[in-house]
Structures are given as structure tokens and as C-alpha cells.
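Okay, structure first, notes after.
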Amino acid sequence: MSAVEREEDTVRYEIENNVAWVYFNRPAKRNCMSPKLNRQMLRVLEELEFRDDVGVLVLTGEGTAWSAGMDLKEYFRETEAQGLPGVRKSQREAYTWWERLRWYQKATIAMVNGWCFGGGYGPLFACDLAFCSDDAQFGLSEVNWGILPGGGATKVATELMPMRVAMYHAMMGENLTGPQAAQYHLVNESLPADQLRARVKQVAETLVQKNWATVKYTKDAVRRVREMTYDNAEDYLIRLQEGLNWFDKSDGRHVAMKQFLDDKTFKPGLGHYDKNKTEV
Ligand code: ACO
């Protein structure tokens, strides 16, 4: 890769059937995250978030990697050379887009097509769902090169995996295969590489059929209640549903009730109501 890599080339996307496929696009550098990529990713996320033609965002990688973590040269060495202001700036640029993705307006799916290391656990966790190919590899390699798994990576490991597994993973610096990542809940499913995209497409297109406001409130509810007591969660979910009642201008729940109770055109236990029919 030349020294004149353009910021706008570090991420690319395409939109198909209301699904935005967003690519880490530094394949020659195994899609490691440089300050340029972090800035560009935030721009792309902002550009896509509120579009009416985007209901789901899939984050994947160009080439053989999903993301080889932070760029040791551009994110660590070169920013350290700028002193604390440079370090803090580059941290903010990375953490900002991961946070934006955690609370994204649309459903998000990580499609892990290859290497996923260290800092890559930030966006991995930020995505609501995650699917990987059997030949993907996941690693907290930090311990192998003299740092601890920062930038949220330790938190991600302990949030998603049992304590002993997270500890071994962080201390040993050994990689997990795709099936192991699924077994330990880093991802929802691991699939043969040639089936990965089709499965993710199927999940994304199912989500697209649903009421997007309901999906947003549901995913936020799952993330928020994890840190609440039962009583706080119960109360919060009442308020959140009441918020959704106001926010969902299509009045989805009444439309759906009519389709089930009166029209008998769908059963909630077996699928989604038809959101294109708006009669309540
Ligand atoms: N930072 C900087 N450069 C990287 C990184 C990275 N994280 N990952 C890959 N590259 C570069 C390589 O230096 C190489 O550059 P060059 O062509 O200019 O020599 C190029 O990408 C290709 O990498 P290779 O190592 O040749 O690719 P290979 O397919 O053999 O190996 C692998 C892939 C295993 C991902 C290897 O590149 C690697 O170990 N990368 C580092 C992974 C890592 O530990 N990331 C940091 C985690 S900790 C954190 O994120 C805070």
C-alpha cells in the first residue's frame, strides 16, 4: 500500500435491498484500523444511519481479514510520536465510531470473513449480531506484543464469554477458530465460508421486513437491561415501550393487532405482520 492512501478509500459500501454492506477496505493491511480508517468509518456510518433505504447494516472486510485490530504503525507508533494529544485523539476517533455503532439506529450485523484481532473486538461487540466463517480466526493478541487488551477488548471478552474462557483467551494469546467463537458466544453462528454471505443476507432481509422502530427499541433494550437490576429493568422497559408507542408513527402494534385479531392474515408466533398495510 502506498504512503498516499486516501482516507475515503479505507471504507467502502454498497446498498442492496435495504441492506448496507460496509467493508473495512485495507485488504493489503489486513484491514487493520488506522486513524484514517476510523475517521472514514464514522463518516460512512453517519451517512447511512438515517437513510430511508437502509434498514440493516452489515460490517465485513475486504480480502482475507475482517480486521487485524489496530494499526500498530499508524494507530500506535505514529500517534505516540505526537505525544499524549495524538494518542488521545486517535483513541477518540476509534471509540467514537464503535460507540456510534453500539447504539446505531438500524440493526447491525458483523460478518466476520477472516482475521479478527484485538481492537476488532470493539466493532464486533458493537454489532447486534455476528456471523463468521469457519476459517475465521479470533485473537486477543495483545499479550503477545506487550500490551493488555484495551480499547474495550477485555470488556468484550468478559461480557460475551465465561470467565475461564475469557481469562485463557486474554492470557494465552491463542486464536479461536470460527466454530470455537460460536461455541463461546463471540458470534451467533459459524458457517462454511461459501455459505456465510447467504446466511447473513437471509438474516438481514428478515430484519428489513420488520418494523424498524421496533427493532431499534428492542436492541437498545437488550443492551441496556444487562446492567440493570430486575426491578429497574421492568420499569425501564415499560417506559421504553411507551416511548416506542410515541416514536413509531406507523402505530405498528395496532396495525399488527388488527391483522391478527380481526383480519386473521398473520400469526405473531409464526412471523411478522405486513408493515406495508397500515390500517389499524
Ligand atoms: N498493524 C499494522 N500492520 C498490520 C497489521 C496491524 N495490526 N496487521 C497486518 N498488518 C500489515 C503487515 O505488517 C503487512 O504489511 P506489509 O505488507 O507492509 O509488510 C500486511 O499487513 C500484511 O500482513 P501479513 O502479516 O503479511 O499477512 P498474513 O496474512 O501473513 O498474516 C495476520 C495476517 C495474522 C493478521 C498478521 O498480519 C498479524 O499478526 N497482524 C497483527 C494482528 C494483531 O495482533 N493486531 C493487533 C491486535 S491488538 C490491538 O488491536 C490493540
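A quick note: this is a predicted structure, and the numbers were derived from the prediction, not measured. One is the number of the first residue; the rest follow in order along the sequence. For ligands, and for the atoms within them, numbers begin at 1 and follow the listed sequence.
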[X] neighbourhood, listing ligand 1 atoms whose heavy-atom distance to it stays under 4.0 Å:
X: G119; value: 49 (C), 50 (O)
X: F76; value: 51 (C)
X: S141; value: 43 (C), 44 (O), 45 (N), 46 (C), 47 (C)
X: D71; value: 1 (N), 2 (C)
X: G69; value: 50 (O)
X: M70; value: 1 (N), 6 (C), 7 (N), 49 (C), 50 (O), 51 (C)

Contact check: [X] vs ligand 1, nitrogen or oxygen atoms, below 3.5 angstrom:
X: I147; result: no
X: K29; result: yes
X: R30; result: yes

Heavy-atom gap A28 to ligand 1 smaller than 4.0 Å
yes
So that I can tick it off, tell me whether [Y] and [X] are bridged by a salt bridge, with the cut-off set at under 4.0 angstrom between side-chain N and carboxylate O.
X: R100; Y: E46; answer: yes
X: E93; Y: K89; answer: yes
X: R253; Y: D251; answer: yes
X: R6; Y: E8; answer: yes
X: E49; Y: K106; answer: no

So for Y75 against ligand 1, with non-hydrogen atoms under 4.0 Å, the contacting part is neither
Min over C32, G152, A94 of heavy-atom distance to atom 6 (C) of ligand 1 lands on C32
Judged by heavy atoms only, the candidate from A68, G120, A65, G150 nearest atom 8 (N) of ligand 1 is A68
Open item on the list: Pairing donors with acceptors under 3.5 angstrom, does anything connect the side chains of S133 and N113?
Closed with: no
Will you find, in the side chains of Y23 and E14, an N or O donor that is under 3.5 Å from an N or O acceptor? yes
Going through the distances and angles, do S34 and R26 end up as a side chain to side chain contact (heavy atoms under 4.5 Å, CB included)?
CA-CA 9 Å; S34 60; R26 305 181 72 217; 3.5 Å; yes
Self-check item: W98 and Y95 aromatic ring geometry - parallel, tilted or perpendicular at 30°/60° bounds
Solution: tilted
